[in-house]
Protein chains: 2
Amino acid sequence: MTDLTAIKTTEAASVRAGNRALSVMERIRSFILDGTVHAGERMNEVRLSKSLDVSRTPVRAALQALAGEGLLDYAPNRGFIVREFPLGVIVDAYEIRASLEGLAARFAAERGLSDSERATIEKSLVAGDELLSRGEFAEGDLLIYRGINGDFHDTLLAAARNRMLSEMIRICHHVPMSSSRNIVAFEHRDVRRRHDDHHRIYEAIMASEPWRAEAVMREHVSSVRASLVKSLTHRGQ
Amino acid sequence: MTDLTAIKTTEAASVRAGNRALSVMERIRSFILDGTVHAGERMNEVRLSKSLDVSRTPVRAALQALAGEGLLDYAPNRGFIVREFPLGVIVDAYEIRASLEGLAARFAAERGLSDSERATIEKSLVAGDELLSRGEFAEGDLLIYRGINGDFHDTLLAAARNRMLSEMIRICHHVPMSSSRNIVAFEHRDVRRRHDDHHRIYEAIMASEPWRAEAVMREHVSSVRASLVKSLTHRGQ
DNA sequence: ATTGCAGTAAGTGTGTACACTTTTTCTTCG
DNA sequence: CGAAGAAAAAGTGTACACACTTACTGCAAT
């Protein structure tokens, strides 16, 4: 038996599934996200068991967990099938995320930031300023900005101090193509504009203007959705 | 073996767990909500198995499903424990619901209502008008209004045509004390005001004013939260 | 008395057998 | 040749046994 007990326990707190089941869950998730299994396809438990070299028990646990995250659908006596994510659903997910992250920004403004949170956010702002100051992107810069962007949003979410909110936003991120780590528009000007939003959000929070923080954050995420729609309708496909 | 194969398959679509597991899930959920098991308590699988007279397998499935809904926490090799819901979390849940239902109202306004949805909502509005017209509540009237209120919100949610949104709102409802079926303020005037909100939301939707529908709905749910807070801080407890 | 360390009990994690349901395939009749 | 139905195959649902981990208890040493 493969002794791969090295598992990311880092995974978002409350999620179920013990040792083996957890790693199986991640593997199946990647099957779904990288298109190894197609949308609408049935997840055959015995086949998965054999291909992952575990029994059906952890496979079932993983499938149930993924259904809880909304990646799979369940029908009694018929098992799990890969949920479809048509464009409309993906776009809606951005809208939901906009509402929820707006709320998170408001909570953060109401509740205040810890020292380390403030430090992390300020670091991300400075790093972004620096990256953008050259006026042009070098190779790999976008990857770096992806990290900066993720730090900003994750930290703000933590500062909201609400688990349910975190989990819901996490679910939005798991919708294919909908992660905040995906920088949709690659133009320098667009990234600059979004980074400026970050500054404004932080200002609003530090000025204890929950209302304004919420509004700016909503618009911020919403504008990413708009960019996505534009880039998809523009290039055909 | 007890042959209770009569199970509500009506339960919200994508949720996992086959025949027996589903009924077990409902039973465990009620244990949690009615306080049979206390917050922070561990959910012993073998004990539950015996007390519910099924094997551990469906119990585990049910527990995982409930963890997916956020009612339970999971820790590897340590099982499931009942999540705590301090007042702050409950209040926050209303705020989250306000955001999400606001979004649902906007979607409904953008996407339009089907004939049957329009009929259901109009019926709920008329029924509410009638109930309120007497100026005073008789015994059982509040129970009736609970149904009317539920119909209104459920129908609007369906009209939003977004599953992820529905599921998230459903999760909010499962937070103890946070259901839209709980009429928090029992004063005639409060109910009248909320019912008037329903009218305005419907007007906004029919007038294709997504923006206004969202704003009114947000305020509508938020005001319930405010009433809850007031009623809890007022009566001590 | 307190701390540390077995040894043991309790509890979760996984594998597997079998029951039941669904789906497919093959046969038979129109 | 097509459709309906029955048998078979495939697949999910549940129970249970055993492995492994965690929690507890009691004893010994300081």
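Convention: sequence-line order gives letters A, B, ...; per-chain numbering from 1.
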J.: Whole angstrom is fine here: how far is it from CG in A:L52 over to C1' in C:dG15?
T.: 15 Å
J.: Of all residues at least two apart in sequence or in a different chain, which pass the salt bridge (Lys or Arg N to Asp or Glu O under 4.0 Å) check with A:D115?
T.: A:R118
J.: Can you tell me if the side-chain N/O atoms of B:R56 get under 4.0 Å from OP1 or OP2 in C:dG13?
T.: no
J.: Is the distance between the ring centroids of A:H153 and A:H173 under 6.0 Å?
T.: no
J.: Identify the residue among A:V37, A:D73, A:L66 that makes a side-chain contact (heavy atoms from CB on, under 4.5 Å) with A:V82.
T.: A:V37
J.: Ignoring backbone atoms, test whether B:R60 places a side-chain nitrogen or oxygen under 4.0 Å from the OP1 or OP2 oxygen of C:dG13.
T.: yes
J.: Using atom types as modelled and distance alone, determine if a side-chain donor or acceptor of B:R42 lies under 3.5 Å from a backbone N or O of B:R78.
T.: yes
J.: Round to a whole Å and report the spacing from CD1 of A:I81 to P of C:dT23.
T.: 11 Å
J.: Look at the side chain of A:E101 and the backbone N and O of A:A98, then say whether any donor-acceptor pair between them is shorter than 3.5 Å.
T.: no
J.: Sequence neighbours excluded, which residues qualify as side chain to side chain contact (heavy atoms under 4.5 Å, CB included) partners of B:N44?
T.: B:V46, B:R47
J.: Calculate the interatomic distance between A:D53 atom CG and C:dT16 atom P; express it in whole Å.
T.: 10 Å
J.: For D:dT14, does either OP1 or OP2 sit under 4.0 Å from a side-chain N or O belonging to B:S55?
T.: no
J.: Name every residue in residues 39-46 of chain A that has at least one heavy atom under 4.0 Å from any atom of DNA chain C, in order of residue number, or write none if there are no such residues.
T.: A:R42
J.: Is there a salt bridge (charged side-chain N to carboxylate O under 4.0 Å, His left out) between A:R170 and A:E167? Walk through the geometry before answering.
T.: CA-CA 5 Å; A:R170 197 168 57 80; A:E167 283 164 16; 5.9 Å; no
J.: With sequence neighbours left out, what residues match B:T36 under side chain to side chain donor-acceptor pair (under 3.5 Å)?
T.: B:D34
J.: Can you check the A:R78 CZ to D:dA10 C1' distance for me, whole Å?
T.: 14 Å
J.: Report for the helix from C:dA1-D:dT30 to C:dG30-D:dC1: angle between first-end and last-end helix axes, five pairs each, rounded to 10 degrees.
T.: 0°
J.: Measure from the side-chain heavy atoms of A:P58 and tell me the nearest of D:dT22, C:dG15, D:dT14.
T.: C:dG15
J.: Quick one: list whatever passes salt bridge (Lys or Arg N to Asp or Glu O under 4.0 Å) with A:E110, sequence neighbours left out.
T.: A:R106
J.: The side chain of A:T57 lies closest to which of these nucleotides: D:dT21, C:dG15, D:dA15?
T.: C:dG15
J.: If you compare every side-chain N and O of A:R20 against the phosphate oxygens of C:dT14 (OP1, OP2), does one of them come in below 4.0 Å?
T.: yes
